[in-house]
Amino acid sequence: MAGPRGRRLLLEIACARNPKLEELMFSNLIEPLDSTGRARVVVEFARSTALLEKEPTTQLELLLALRESVDRAMYWQAPDAEDKLLAQPQVASALRPLAVAVSPYCPDWWVDAMAPGQQRVQPANSPSIEYQEAWQAGAGVRQWYSQAIADETAAQTYIPDPAANYTGMWWSTPAHYSVPATTRVLDGLGPVALWAQEDTQTPQYAVSYPISLIGPCRVLEITSAHDYARLVEKYPMRMTRSRFHDWYRVTGSVDEWYIPHWGLIAKDYEAVHLTTAAYLEGATKRIPISGGSTLMAGWSPDVTYWVGNCAVLGGRPEEWQLAAQGSNNLWLAA
(Lines give C-alpha, C1' and ligand atoms only; values in the text may rest on other atoms or scores of the structure.)
Protein backbone atom coordinates (compact mmCIF):
# COMPACT_ATOMS: atom_id res chain seq x y z
CA MET A 1 0.00 0.00 0.00
CA ALA A 2 3.05 2.24 -0.25
CA GLY A 3 2.13 3.62 -3.69
CA PRO A 4 -0.18 6.54 -4.50
CA ARG A 5 -3.16 4.29 -5.20
CA GLY A 6 -2.59 2.31 -2.03
CA ARG A 7 -2.43 5.51 0.02
CA ARG A 8 -5.62 6.75 -1.59
CA LEU A 9 -7.39 3.49 -0.82
CA LEU A 10 -6.46 3.85 2.85
CA LEU A 11 -7.73 7.43 2.85
CA GLU A 12 -11.09 6.37 1.41
CA ILE A 13 -11.47 3.65 4.05
CA ALA A 14 -10.59 6.11 6.81
CA CYS A 15 -12.98 8.78 5.54
CA ALA A 16 -15.83 6.26 5.38
CA ARG A 17 -15.48 5.81 9.14
CA ASN A 18 -14.47 9.33 10.16
CA PRO A 19 -16.55 12.38 9.07
CA LYS A 20 -14.00 14.79 10.61
CA LEU A 21 -11.31 13.45 8.31
CA GLU A 22 -13.65 13.84 5.35
CA GLU A 23 -14.22 17.48 6.33
CA LEU A 24 -10.47 18.07 6.40
CA MET A 25 -10.16 16.60 2.90
CA PHE A 26 -12.84 19.00 1.69
CA SER A 27 -10.93 21.91 3.22
CA ASN A 28 -7.76 20.69 1.54
CA LEU A 29 -9.60 20.66 -1.78
CA ILE A 30 -10.49 24.34 -1.40
CA GLU A 31 -7.03 25.37 -0.20
CA PRO A 32 -4.01 23.15 0.58
CA LEU A 33 -3.74 22.53 4.31
CA ASP A 34 -0.99 24.28 6.24
CA SER A 35 1.17 22.54 8.83
CA THR A 36 -1.57 22.86 11.46
CA GLY A 37 -4.12 21.32 9.13
CA ARG A 38 -1.77 18.49 8.23
CA ALA A 39 -1.22 17.81 11.93
CA ARG A 40 -4.99 17.52 12.34
CA VAL A 41 -5.05 14.99 9.49
CA VAL A 42 -2.46 12.90 11.34
CA VAL A 43 -4.62 12.98 14.48
CA GLU A 44 -7.71 11.92 12.51
CA PHE A 45 -5.80 9.07 10.86
CA ALA A 46 -5.01 7.79 14.36
CA ARG A 47 -8.68 8.07 15.29
CA SER A 48 -9.70 6.20 12.13
CA THR A 49 -7.19 3.47 12.94
CA ALA A 50 -8.70 3.04 16.40
CA LEU A 51 -12.18 2.82 14.89
CA LEU A 52 -11.06 0.16 12.41
CA GLU A 53 -9.33 -1.85 15.12
CA LYS A 54 -12.61 -1.88 17.05
CA GLU A 55 -14.78 -2.64 14.00
CA PRO A 56 -12.75 -4.02 11.07
CA THR A 57 -13.35 -2.95 7.50
CA THR A 58 -15.65 -5.05 5.34
CA GLN A 59 -15.06 -6.56 1.90
CA LEU A 60 -17.55 -4.14 0.37
CA GLU A 61 -15.83 -1.16 1.99
CA LEU A 62 -12.51 -2.34 0.57
CA LEU A 63 -14.01 -2.76 -2.90
CA LEU A 64 -15.61 0.69 -2.82
CA ALA A 65 -12.36 2.24 -1.60
CA LEU A 66 -10.51 0.47 -4.42
CA ARG A 67 -13.00 1.87 -6.92
CA GLU A 68 -12.50 5.39 -5.61
CA SER A 69 -8.71 5.10 -5.72
CA VAL A 70 -8.78 3.83 -9.32
CA ASP A 71 -11.19 6.58 -10.35
CA ARG A 72 -8.65 9.15 -9.12
CA ALA A 73 -5.77 7.74 -11.19
CA MET A 74 -4.82 10.32 -13.83
CA TYR A 75 -1.90 10.49 -16.24
CA TRP A 76 -2.70 13.63 -18.23
CA GLN A 77 -2.64 16.13 -15.36
CA ALA A 78 -1.03 16.67 -11.97
CA PRO A 79 -2.19 14.53 -9.02
CA ASP A 80 -5.30 15.87 -7.30
CA ALA A 81 -5.30 17.65 -3.94
CA GLU A 82 -5.74 14.48 -1.89
CA ASP A 83 -2.97 12.56 -3.65
CA LYS A 84 -0.61 15.51 -3.18
CA LEU A 85 -1.42 15.69 0.51
CA LEU A 86 -0.96 11.94 0.99
CA ALA A 87 2.47 12.07 -0.65
CA GLN A 88 3.85 14.44 2.00
CA PRO A 89 6.14 12.51 4.36
CA GLN A 90 4.36 13.49 7.58
CA VAL A 91 0.99 12.39 6.23
CA ALA A 92 2.27 9.27 4.46
CA SER A 93 3.95 8.07 7.65
CA ALA A 94 0.70 8.50 9.57
CA LEU A 95 -0.96 6.03 7.18
CA ARG A 96 1.25 3.12 8.28
CA PRO A 97 -0.75 2.15 11.41
CA LEU A 98 -3.90 2.39 9.31
CA ALA A 99 -2.37 0.01 6.76
CA VAL A 100 -1.51 -2.43 9.56
CA ALA A 101 -5.13 -2.35 10.76
CA VAL A 102 -6.56 -2.87 7.25
CA SER A 103 -4.10 -5.39 5.76
CA PRO A 104 -5.38 -8.53 7.56
CA TYR A 105 -8.78 -8.01 5.95
CA CYS A 106 -7.61 -7.47 2.37
CA PRO A 107 -8.99 -10.30 0.21
CA ASP A 108 -6.71 -13.05 -1.04
CA TRP A 109 -7.53 -12.24 -4.66
CA TRP A 110 -5.55 -9.00 -4.36
CA VAL A 111 -2.35 -11.07 -4.41
CA ASP A 112 -3.53 -14.17 -6.27
CA ALA A 113 -2.49 -15.20 -9.76
CA MET A 114 -4.93 -14.90 -12.64
CA ALA A 115 -8.15 -16.73 -11.80
CA PRO A 116 -10.09 -19.07 -14.09
CA GLY A 117 -13.44 -17.87 -15.39
CA GLN A 118 -12.20 -14.51 -16.68
CA GLN A 119 -14.70 -12.01 -18.09
CA ARG A 120 -14.45 -8.99 -20.37
CA VAL A 121 -16.58 -5.94 -19.54
CA GLN A 122 -17.98 -3.35 -21.93
CA PRO A 123 -20.33 -0.42 -21.28
CA ALA A 124 -23.72 -1.28 -22.73
CA ASN A 125 -23.53 1.63 -25.20
CA SER A 126 -20.08 0.61 -26.52
CA PRO A 127 -19.52 -1.36 -29.74
CA SER A 128 -20.37 -5.03 -29.30
CA ILE A 129 -17.45 -7.40 -28.84
CA GLU A 130 -19.39 -10.42 -30.07
CA TYR A 131 -17.63 -10.16 -33.45
CA GLN A 132 -14.52 -12.13 -34.38
CA GLU A 133 -12.33 -9.06 -34.91
CA ALA A 134 -12.78 -8.14 -31.24
CA TRP A 135 -10.75 -11.24 -30.29
CA GLN A 136 -7.92 -11.15 -32.83
CA ALA A 137 -5.25 -10.14 -30.35
CA GLY A 138 -2.30 -10.74 -32.66
CA ALA A 139 -3.66 -8.29 -35.23
CA GLY A 140 -4.60 -5.88 -32.46
CA VAL A 141 -1.06 -5.82 -31.06
CA ARG A 142 0.35 -5.12 -34.53
CA GLN A 143 -2.09 -2.25 -35.02
CA TRP A 144 -1.30 -0.95 -31.53
CA TYR A 145 2.41 -0.95 -32.40
CA SER A 146 1.84 0.96 -35.65
CA GLN A 147 -0.20 3.59 -33.84
CA ALA A 148 2.37 3.88 -31.04
CA ILE A 149 5.20 4.43 -33.53
CA ALA A 150 3.12 7.00 -35.43
CA ASP A 151 2.38 8.84 -32.18
CA GLU A 152 6.05 8.85 -31.13
CA THR A 153 7.10 10.11 -34.57
CA ALA A 154 4.54 12.91 -34.52
CA ALA A 155 5.69 13.92 -31.03
CA GLN A 156 9.19 14.70 -32.33
CA THR A 157 7.84 18.10 -33.38
CA TYR A 158 6.61 18.98 -29.88
CA ILE A 159 8.35 21.72 -27.92
CA PRO A 160 10.77 19.99 -25.47
CA ASP A 161 9.37 21.92 -22.52
CA PRO A 162 7.75 19.45 -20.09
CA ALA A 163 5.21 22.07 -19.02
CA ALA A 164 4.03 22.68 -22.60
CA ASN A 165 0.40 21.84 -23.31
CA TYR A 166 0.78 18.63 -25.32
CA THR A 167 -0.89 15.29 -24.82
CA GLY A 168 -1.05 11.98 -26.66
CA MET A 169 -0.94 8.22 -26.01
CA TRP A 170 -0.24 8.38 -22.28
CA TRP A 171 -0.99 4.70 -21.52
CA SER A 172 1.49 1.82 -21.33
CA THR A 173 -1.01 -0.96 -22.05
CA PRO A 174 -1.80 -2.57 -25.43
CA ALA A 175 -5.17 -0.80 -25.44
CA HIS A 176 -6.98 -1.87 -28.61
CA TYR A 177 -10.45 -3.12 -29.50
CA SER A 178 -9.02 -6.49 -30.62
CA VAL A 179 -6.86 -7.05 -27.51
CA PRO A 180 -9.09 -8.49 -24.77
CA ALA A 181 -8.66 -7.14 -21.24
CA THR A 182 -10.30 -9.31 -18.60
CA THR A 183 -10.63 -9.71 -14.82
CA ARG A 184 -11.82 -12.37 -12.40
CA VAL A 185 -15.43 -12.64 -11.20
CA LEU A 186 -16.23 -11.92 -7.55
CA ASP A 187 -18.96 -14.02 -5.93
CA GLY A 188 -22.21 -12.11 -6.00
CA LEU A 189 -20.55 -8.95 -7.32
CA GLY A 190 -19.53 -9.67 -10.89
CA PRO A 191 -16.23 -8.98 -12.67
CA VAL A 192 -13.66 -6.76 -10.94
CA ALA A 193 -13.64 -4.50 -14.02
CA LEU A 194 -17.19 -3.39 -13.21
CA TRP A 195 -15.91 -1.89 -9.99
CA ALA A 196 -12.37 -0.75 -10.70
CA GLN A 197 -11.20 0.24 -14.16
CA GLU A 198 -8.99 3.18 -15.03
CA ASP A 199 -9.97 5.97 -17.42
CA THR A 200 -13.64 5.11 -17.76
CA GLN A 201 -16.77 7.15 -17.39
CA THR A 202 -18.88 4.90 -15.21
CA PRO A 203 -21.93 3.88 -17.24
CA GLN A 204 -25.32 3.01 -15.80
CA TYR A 205 -25.39 -0.28 -17.70
CA ALA A 206 -22.62 -2.71 -18.69
CA VAL A 207 -22.26 -6.14 -20.24
CA SER A 208 -19.78 -8.84 -19.18
CA TYR A 209 -18.61 -11.55 -21.57
CA PRO A 210 -17.16 -14.88 -20.38
CA ILE A 211 -14.08 -16.06 -22.24
CA SER A 212 -12.79 -19.47 -23.24
CA LEU A 213 -9.14 -20.33 -23.77
CA ILE A 214 -7.88 -22.32 -26.75
CA GLY A 215 -4.44 -23.85 -27.08
CA PRO A 216 -1.52 -23.23 -24.71
CA CYS A 217 -1.71 -20.00 -22.74
CA ARG A 218 1.46 -18.74 -21.11
CA VAL A 219 0.57 -16.06 -18.55
CA LEU A 220 3.18 -13.70 -17.13
CA GLU A 221 2.34 -12.63 -13.57
CA ILE A 222 3.18 -9.08 -12.42
CA THR A 223 2.99 -9.12 -8.62
CA SER A 224 4.89 -5.93 -7.72
CA ALA A 225 6.27 -2.68 -9.10
CA HIS A 226 9.63 -4.48 -9.24
CA ASP A 227 8.12 -7.12 -11.53
CA TYR A 228 6.76 -4.39 -13.77
CA ALA A 229 10.16 -2.72 -13.97
CA ARG A 230 11.72 -6.05 -14.98
CA LEU A 231 9.03 -6.48 -17.66
CA VAL A 232 9.89 -3.13 -19.24
CA GLU A 233 13.63 -3.76 -18.96
CA LYS A 234 13.30 -7.12 -20.73
CA TYR A 235 10.92 -5.82 -23.41
CA PRO A 236 11.69 -2.07 -23.67
CA MET A 237 10.10 0.36 -26.06
CA ARG A 238 11.43 3.91 -25.82
CA MET A 239 8.57 6.41 -26.02
CA THR A 240 10.11 9.53 -24.46
CA ARG A 241 8.70 12.21 -26.73
CA SER A 242 5.10 10.97 -26.81
CA ARG A 243 5.01 10.47 -23.02
CA PHE A 244 7.23 13.44 -22.12
CA HIS A 245 4.56 16.01 -21.27
CA ASP A 246 1.79 13.84 -19.80
CA TRP A 247 4.09 11.80 -17.59
CA TYR A 248 5.88 14.91 -16.38
CA ARG A 249 2.54 16.24 -15.15
CA VAL A 250 1.76 13.15 -13.09
CA THR A 251 5.29 12.47 -11.77
CA GLY A 252 7.10 15.82 -11.90
CA SER A 253 10.01 13.95 -13.52
CA VAL A 254 11.90 14.47 -16.77
CA ASP A 255 13.52 11.26 -17.98
CA GLU A 256 13.86 8.79 -20.80
CA TRP A 257 10.47 7.09 -20.75
CA TYR A 258 9.83 3.45 -21.70
CA ILE A 259 6.76 1.25 -21.99
CA PRO A 260 6.44 -2.51 -22.48
CA HIS A 261 6.99 -3.59 -26.09
CA TRP A 262 3.86 -5.68 -26.51
CA GLY A 263 4.92 -7.05 -29.85
CA LEU A 264 7.98 -8.65 -28.25
CA ILE A 265 6.04 -9.82 -25.20
CA ALA A 266 3.59 -11.61 -27.50
CA LYS A 267 6.43 -13.78 -28.80
CA ASP A 268 6.94 -15.27 -25.31
CA TYR A 269 3.52 -15.03 -23.64
CA GLU A 270 -0.15 -15.10 -24.53
CA ALA A 271 -1.19 -12.91 -21.59
CA VAL A 272 0.07 -10.62 -18.83
CA HIS A 273 -1.77 -10.42 -15.49
CA LEU A 274 -1.34 -7.59 -12.98
CA THR A 275 -2.32 -8.33 -9.38
CA THR A 276 -4.33 -5.79 -7.44
CA ALA A 277 -1.52 -5.49 -4.90
CA ALA A 278 0.94 -4.63 -7.68
CA TYR A 279 -1.47 -2.03 -9.02
CA LEU A 280 -1.85 -0.37 -5.60
CA GLU A 281 1.93 -0.26 -5.22
CA GLY A 282 2.92 0.84 -8.71
CA ALA A 283 0.24 2.86 -10.50
CA THR A 284 0.62 6.65 -10.94
CA LYS A 285 4.23 6.77 -9.78
CA ARG A 286 7.56 6.86 -11.61
CA ILE A 287 9.20 3.43 -11.65
CA PRO A 288 12.97 3.59 -12.27
CA ILE A 289 14.46 1.14 -14.74
CA SER A 290 17.86 0.71 -16.33
CA GLY A 291 18.38 3.68 -18.66
CA GLY A 292 15.33 5.65 -17.60
CA SER A 293 11.88 5.24 -16.08
CA THR A 294 8.46 3.81 -16.79
CA LEU A 295 4.89 4.28 -15.61
CA MET A 296 2.16 1.74 -14.95
CA ALA A 297 -0.32 3.86 -16.88
CA GLY A 298 -3.79 2.78 -17.94
CA TRP A 299 -3.68 -0.51 -16.07
CA SER A 300 -6.38 -1.60 -13.63
CA PRO A 301 -6.58 -3.95 -10.63
CA ASP A 302 -6.45 -7.66 -11.51
CA VAL A 303 -6.43 -6.97 -15.26
CA THR A 304 -5.15 -9.54 -17.75
CA TYR A 305 -4.19 -8.41 -21.26
CA TRP A 306 -4.42 -11.16 -23.89
CA VAL A 307 -1.78 -10.51 -26.55
CA GLY A 308 -1.89 -14.01 -28.05
CA ASN A 309 -4.76 -15.52 -29.98
CA CYS A 310 -5.99 -17.84 -27.25
CA ALA A 311 -8.90 -15.93 -25.63
CA VAL A 312 -12.26 -16.17 -27.39
CA LEU A 313 -15.85 -15.40 -26.53
CA GLY A 314 -16.92 -18.25 -24.29
CA GLY A 315 -20.56 -17.98 -23.31
CA ARG A 316 -23.68 -15.90 -22.91
CA PRO A 317 -23.09 -12.28 -21.88
CA GLU A 318 -24.59 -10.91 -18.67
CA GLU A 319 -26.08 -7.48 -18.23
CA TRP A 320 -25.38 -5.27 -15.21
CA GLN A 321 -26.94 -2.11 -13.82
CA LEU A 322 -25.43 0.49 -11.50
CA ALA A 323 -28.04 1.20 -8.85
CA ALA A 324 -28.24 3.26 -5.67
CA GLN A 325 -28.19 1.08 -2.56
CA GLY A 326 -28.27 3.23 0.54
CA SER A 327 -25.40 5.73 0.28
CA ASN A 328 -23.51 3.76 -2.38
CA ASN A 329 -23.87 2.94 -6.06
CA LEU A 330 -23.52 -0.82 -6.53
CA TRP A 331 -23.43 -3.06 -9.60
CA LEU A 332 -26.36 -5.47 -9.70
CA ALA A 333 -27.37 -8.10 -12.24
CA ALA A 334 -29.88 -6.44 -14.56
Side-chain angles (χ1 to χ4, degrees), residues 1-75 77-107 110-111 195-196 198 224-226 248-253 275-288 295-296 301 326-328:
M1 304 232 186
R5 310 283 30 98
R7 293 195 295 264
R8 188 58 174 265
L9 177 139
L10 291 171
L11 172 67
E12 298 301 331
I13 293 171
C15 284
R17 296 293 184 91
N18 187 343
K20 289 185 178 179
L21 180 59
E22 195 166 22
E23 290 173 8
L24 283 170
M25 291 302 107
F26 184 75
S27 298
N28 181 66
L29 186 64
I30 298 172
E31 183 177 352
L33 296 175
D34 58 15
S35 58
T36 301
R38 292 194 296 272
R40 290 178 60 197
V41 169
V42 170
V43 170
E44 293 306 325
F45 276 152
R47 184 172 286 117
S48 297
T49 300
L51 292 170
L52 286 160
E53 289 172 343
K54 183 181 298 185
E55 185 179 347
T57 186
T58 67
Q59 295 300 295
L60 182 58
E61 282 179 324
L62 285 164
L63 187 59
L64 293 175
L66 179 65
R67 178 171 71 183
E68 193 67 22
S69 178
V70 172
D71 284 348
R72 295 298 181 267
M74 294 171 286
Y75 302 88
Q77 67 183 60
D80 65 15
E82 291 93 333
D83 276 12
K84 288 180 179 178
L85 176 65
L86 296 172
Q88 297 190 27
Q90 176 192 15
V91 179
S93 296
L95 283 171
R96 290 172 187 159
L98 186 62
V100 171
V102 169
S103 293
Y105 303 96
C106 294
W110 283 15
V111 296
W195 299 87
E198 279 196 0
S224 65
H226 176 80
Y248 170 77
R249 294 184 191 106
V250 67
T251 67
S253 299
T275 67
T276 297
Y279 174 85
L280 292 172
E281 178 193 0
T284 61
K285 76 173 185 181
R286 182 180 72 88
I287 300 175
L295 207 62
M296 193 185 285
S327 59
N328 298 307

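These numbers were taken from a predicted model, which means no experiment stands behind them.
Between Ala2 and Arg7, the shortest heavy-atom distance links the atoms O-NH1, 2.9 Å. Summarising the geometry of Lys84 relative to Pro79, their closest heavy-atom pair is CE-O, 3.1 Å, with the distance given to 0.1 Å. The nearest pair of heavy atoms linking Ala283 to Pro4 is O-CD, 3.7 Å. Closest heavy-atom contact between Ala278 and Ser224: CB-N, 3.4 Å. Closest non-hydrogen pair, Leu9 versus Ala65, comes out as O-CB, 3.7 Å. Glu44 approaches Asn18 most closely through the heavy-atom pair OE1-ND2, 2.9 Å.
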task: Decide yes or no on side chain to side chain contact (heavy atoms under 4.5 Å, CB included) for Arg47 and Leu21, but give the supporting numbers first.
output: CA-CA 9 Å; Arg47 184 172 286 117; Leu21 180 59; over 6 Å; no
message: Working note: Thr49 + Val100, criterion side chain to side chain contact (heavy atoms under 4.5 Å, CB included); need CA distance, chi angles, decisive distance, verdict.
response: CA-CA 9 Å; Thr49 300; Val100 171; over 6 Å; no
task: Give the C-alpha distance, both sets of side-chain angles, the deciding distance and a yes or no for salt bridge (Lys or Arg N to Asp or Glu O under 4.0 Å) between Lys20 and Glu23.
output: CA-CA 5 Å; Lys20 289 185 178 179; Glu23 290 173 8; over 6 Å; no
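The distance from the CD atom of Glu53 to the CG atom of Leu98 is 9.0 Å, given to the nearest 0.5 Å. Between the CG atom of Leu63 and the CH2 atom of Trp110 there is a distance of 8.5 Å, given to the nearest 0.5 Å. The OG atom of Ser69 sits 9.5 Å away from atom CD1 of Ile13, with the distance rounded to the nearest 0.5 Å. Put simply, OG1 on Thr251 and CD1 on Ile287 are 11.0 Å apart, with the number rounded to the nearest 0.5 Å. Atom CG of Asn328 and atom CG of Leu60 lie 6.5 Å apart (nearest 0.5 Å). Note that CD of Glu12 is 14.0 Å distant from CZ of Arg17, once rounded to the nearest 0.5 Å.
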Just distance, no hydrogens or angles: give the donor-acceptor pairs under 3.5 Å from side chains in residues 90-97, sequence neighbours left out.
residue: Ser93; atom: OG; partner: Pro89; partner atom: O; Å: 2.9

For residues 30-38, tabulate all N or O donor-acceptor pairs below 3.5 Å that involve a side-chain atom, not counting sequence neighbours.
residue: Asp34; atom: OD1; partner: Thr36; partner atom: N; Å: 3.1
residue: Asp34; atom: OD1; partner: Gly37; partner atom: N; Å: 2.8
residue: Arg38; atom: NE; partner: Gln88; partner atom: OE1; Å: 3.1
residue: Arg38; atom: NH1; partner: Leu33; partner atom: O; Å: 2.9

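Here Arg5 pairs with Asp83 under the salt bridge (Lys or Arg N to Asp or Glu O under 4.0 Å) rule; sequence neighbours left out. Annotation: salt bridge (Lys or Arg N to Asp or Glu O under 4.0 Å) contacts of Asp80 (sequence neighbours excluded): Arg8. In this structure, Arg40 has no salt bridge (Lys or Arg N to Asp or Glu O under 4.0 Å) partners at least two apart in sequence or on a different chain.
Remark: the Glu61 side chain and the Tyr105 side chain contain no N/O donor-acceptor pair separated by less than 3.5 Å.
Applying the ring pair (Phe, Tyr, Trp, His ring centres under 6.0 Å) test to residues at least two apart or on different chains, the pairs with a partner in residues 36-75 are Tyr75-Trp170.
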